[in-house]
Amino acid sequence: MPRRFSLLLGLLTALSLLFCAGCSSEPQTQEPPAVTGFSCDTDVSYQDMHVKGKLTRMEEGTLTFALDEPESLDGLTMKWDGETISFELYGMSFGVDPEAIPESALGQSIVNALDAVGQTEAAAANAEDGSAVVTGTSVSGEFELAFDPASGQLLSLRFPDLGMNATFSNFQTVTSETVE
């Protein structure tokens, strides 16, 4: 009987060590959301509008959104520089006051949310799908930014009060040398 007890005790000890081998007393590190130096495909629903395109953001306060869809806007590029918005289409470019065009709120809201996240050390909560979510308030209103906690890549941005939802895919880190 004592031999069985010692075998059982040895087996339980071995199993305990096996299960705890993956345990670590150190907390898992989480990458902060990448709010500058990236380019990605973006799918945005904003009120009654749905657009798709390539979003590029090099630094705080700026954003470039090259539209692919809808077909009527294919080739249009909108650029926010922090103060004005400019439109480029077929080699022509013109700047406008963002408040003069309600649709510019779409890009300005993205700029404002990313700037707000970049200027604070907001804690991210873990979502059920494995993403991390930062909630905050910008001049555009309350938002929720979901990102991959392992890489910092953005996954989605939501402004409930504005009726705006954006999803991000094909996320790439870029520098001024890699931008086309």
Peer 1: Between the side chains of N112 and S140, is a donor N or O closer than 3.5 angstrom to an acceptor N or O?
Peer 2: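 Yes.
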Peer 1: Looking at side-chain heavy atoms only, is the closest gap between M58 and T56 below 4.5 Å?
Peer 2: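 Yes, close enough: below the 4.5 Å cut-off.
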Peer 1: For K54 and D68, what are the C-alpha separation, side-chain angles and deciding distance, and is it a salt bridge (Lys or Arg N to Asp or Glu O under 4.0 Å)?
Peer 2: CA-CA 8 Å; K54 180 74 115 187; D68 297 328; over 6 Å; no
Peer 1: Is there a path of hydrophobic side-chain contacts, each under 4.5 Å between heavy atoms of I/L/V/M/F/W/Y residues, joining F87 to Y90?
Peer 2: yes
Peer 1: Counting only N and O atoms by type, is there a donor-acceptor contact under 3.5 Å from the side chain of R57 to the main-chain atoms of T62?
Peer 2: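 Answer holds: yes.
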Peer 1: Determine, step by step, whether L89 and T77 satisfy the side chain to side chain contact (heavy atoms under 4.5 Å, CB included) criterion, reporting the C-alpha distance in whole Å, the side-chain angles of both residues, the deciding distance to 0.1 Å, and the verdict.
Peer 2: CA-CA 7 Å; L89 183 63; T77 299; over 6 Å; no
Peer 1: For residues C40 and S169, report the shortest heavy-atom separation together with the two atoms involved.
Peer 2: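 Looking at all heavy atoms of both residues, the closest pair is CB-O, 3.3 Å.
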Peer 1: If you compare all heavy atoms of L154 against all heavy atoms of F168, which two are closest, and at what distance to 0.1 Å?
Peer 2: O-CB, 3.5 Å
Peer 1: Specify the closest pair of heavy atoms between E31 and F147, including all atoms of both residues, with the distance to one decimal.
Peer 2: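 In terms of heavy atoms, the two residues are closest at O-CE1, 3.2 Å.
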Peer 1: Restricting to side chain to side chain donor-acceptor pair (under 3.5 Å), what partner residues turn up for E144, sequence neighbours left out?
Peer 2: R158
Peer 1: Output, in order, the C-alpha distance, side-chain angles, deciding distance and verdict of side chain to side chain contact (heavy atoms under 4.5 Å, CB included) for F171 and L55.
Peer 2: CA-CA 10 Å; F171 202 91; L55 190 83; over 6 Å; no
Peer 1: Hey, any chance L155 and M164 share a hydrophobic cluster, counting ILVMFWY side chains that come within less than 4.5 Å of each other, even indirectly?
Peer 2: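 Unlinked, L155 and M164 end up in two clusters.
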Peer 1: Please give me the minimum heavy-atom distance between S93 and S86, naming the atom from each residue.
Peer 2: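 Looks like OG-CB, 4.5 Å.
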Peer 1: For the residue pair F143 and F159, categorise the inter-ring angle as parallel (less than 30°), tilted (30 to 60°) or perpendicular (more than 60°).
Peer 2: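 Rings of F143 and F159: tilted, as their planes differ by 30° to 60°.
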Peer 1: Please give me the minimum heavy-atom distance between T137 and E142, naming the atom from each residue.
Peer 2: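 Looks like OG1-CG, 3.6 Å.
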Peer 1: Hey, could you give me the CD/OG distance between Q172 and S39, rounded to the nearest 0.5 Å?
Peer 2: 6.0 Å
Peer 1: Could you check if a side-chain atom of W80 sits within less than 4.5 angstrom of a side-chain atom of L63, using non-hydrogen atoms only?
Peer 2: yes
Peer 1: Count I, L, V, M, F, W, Y as connected when their side-chain heavy atoms are under 4.5 Å apart, and connections chain through other members. Are F65 and F94 then in the same cluster?
Peer 2: yes
Peer 1: Please assess M78 against L67 for the test side chain to side chain contact (heavy atoms under 4.5 Å, CB included), listing each intermediate value before the final yes or no.
Peer 2: CA-CA 8 Å; M78 298 181 284; L67 299 174; 3.8 Å; yes
Peer 1: Run the side chain to side chain contact (heavy atoms under 4.5 Å, CB included) check on L114 and L145 step by step: do they pass?
Peer 2: CA-CA 9 Å; L114 297 179; L145 177 69; 4.2 Å; yes
Peer 1: Using a strict cut-off of less than 4.0 Å between a Lys/Arg side-chain nitrogen and an Asp/Glu carboxylate oxygen, indicate whether D74 and K52 qualify as a salt bridge.
Peer 2: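 No, D74 and K52 are not salt-bridged.
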Peer 1: Which pair of heavy atoms, one from D115 and one from G61, lies closest together, and at what distance?
Peer 2: OD1-N, 3.0 Å
Peer 1: How about S131 and D148: do any of their side-chain heavy atoms sit closer than 4.5 Å?
Peer 2: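 Answer no - side chains too far apart.
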Peer 1: Using modelled atom types and a 3.5 Å cut-off, is there a donor and acceptor pairing between side-chain atoms of D43 and backbone atoms of T167?
Peer 2: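 Looks like no, no N/O pair under 3.5 Å.
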